[in-house]
Amino acid sequence: MRLANMKKLAVTFAAFIASLSVSAISSAAFADDDPELAFNGHCRECHEFDKGDNRIGPTLYGVVGRKAGTVPGFPYSESLKDSGITWNEKILDQWITNPNAVVPGNNMGAIFSGLSDPKERAKIITFLKGDTKKPGAK
């Protein structure tokens with residue numbers, strides 16, 4: 001193979017590798033902004049988002065706008081049932097930051113001390129707001 005052809009091949013190969021790197025970085029950045037991934041990474045161990053599917057924590061399906069402590073069949077703490085809270089974005093943000101600061105004596109605060117990253121909390125809340133609007137939501 002001639003030297004000129006080898007140089008062209010090397011440049012083409014380098015450009016191809018560079019494009020793969022940019023693509024991988026773009027995909028990682030997109031995934032990093034995915035609200036469902038944030039939910040899965042921080043909440044899904046204890047919570048599900050399918051209607052009626054209680055786990056360690058209650059289902060979070062339709063949580064935005066729901067009165068706290070009212071999912072049928074879930075054994076809430078008396079403090080949460082008596083809190084008078086209706087979940088909205090502001091209260092959810094406070095709750096995810098530190099559940100015990102919002103409702104002392106709640107069950108979740110015994111196993112989850114909170115999430116300090118405001119960007120992660122915002123992604124989780126975005127997911128919770130949209131969970132019932134997904135096609136095929138249960």
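All residue numbers in this chain count up from 1 along the given sequence. Please read these numbers as outputs of a predicted model, since none were measured by experiment.
Contact record, Cys46 with Arg55: O-CB, 3.2 Å, taken as the closest heavy-atom pair. Heavy-atom minimum distance, Thr86 versus Gly65: CG2-O, 3.5 Å.
Applying the ring pair (Phe, Tyr, Trp, His ring centres under 6.0 Å) criterion to Phe112, with sequence neighbours excluded, gives no partner residue. In this view, Arg44 and Phe39, Asn40, Glu48, Phe49 satisfy the side chain to side chain contact (heavy atoms under 4.5 Å, CB included) rule, not counting sequence neighbours. Residues meeting the side chain to side chain contact (heavy atoms under 4.5 Å, CB included) test with Glu120, sequence neighbours left out: Ala38, His42, Leu115, Asp117, Lys123. With sequence neighbours left out, the side-chain hydrogen bond (donor to acceptor under 3.5 Å, both in side chains) criterion links Glu45 to no other residue. Shown here are the side-chain hydrogen bond (donor to acceptor under 3.5 Å, both in side chains) partners of Asn100, two or more places apart in sequence or in another chain: Asn106. In terms of the salt bridge (charged side-chain N to carboxylate O under 4.0 Å, His left out) criterion, residue partners of Asp93 (sequence neighbours excluded) are, by chain and number, Arg121. Judged as a side chain to side chain contact (heavy atoms under 4.5 Å, CB included), and not counting sequence neighbours, the contacts of Asn107 are Ser77.
If you take CG on Asp50 and OG1 on Thr59, they are separated by 6.5 Å, rounding to the nearest 0.5 Å. Expressed to the nearest 0.5 Å, how far CD1 of Ile85 lies from OG1 of Thr70 amounts to 11.5 Å. The distance from the CG atom of Asn88 to the CD1 atom of Ile91 is 4.0 Å, given to the nearest 0.5 Å. The distance from the CG atom of Asp34 to the CZ atom of Phe127 is 9.0 Å, given to the nearest 0.5 Å. Here Leu37 contributes atom CG and Ile124 contributes atom CD1; the two are 11.0 Å apart, rounded to the nearest 0.5 Å.
Grouping the Ile, Leu, Val, Met, Phe, Trp and Tyr side chains by contacts below 4.5 angstrom, directly or via other members, places Phe74 with Val102. There is no path of hydrophobic side-chain contacts, each under 4.5 Å, that joins Tyr61 to Ile56.
Listed by first then second residue, pairs satisfying salt bridge (charged side-chain N to carboxylate O under 4.0 Å, His left out) with a partner in residues 59-69 number zero, not counting sequence neighbours. Listed by first then second residue, pairs satisfying ring pair (Phe, Tyr, Trp, His ring centres under 6.0 Å) with a partner in residues 82-110 read Trp87-Trp95, not counting sequence neighbours.
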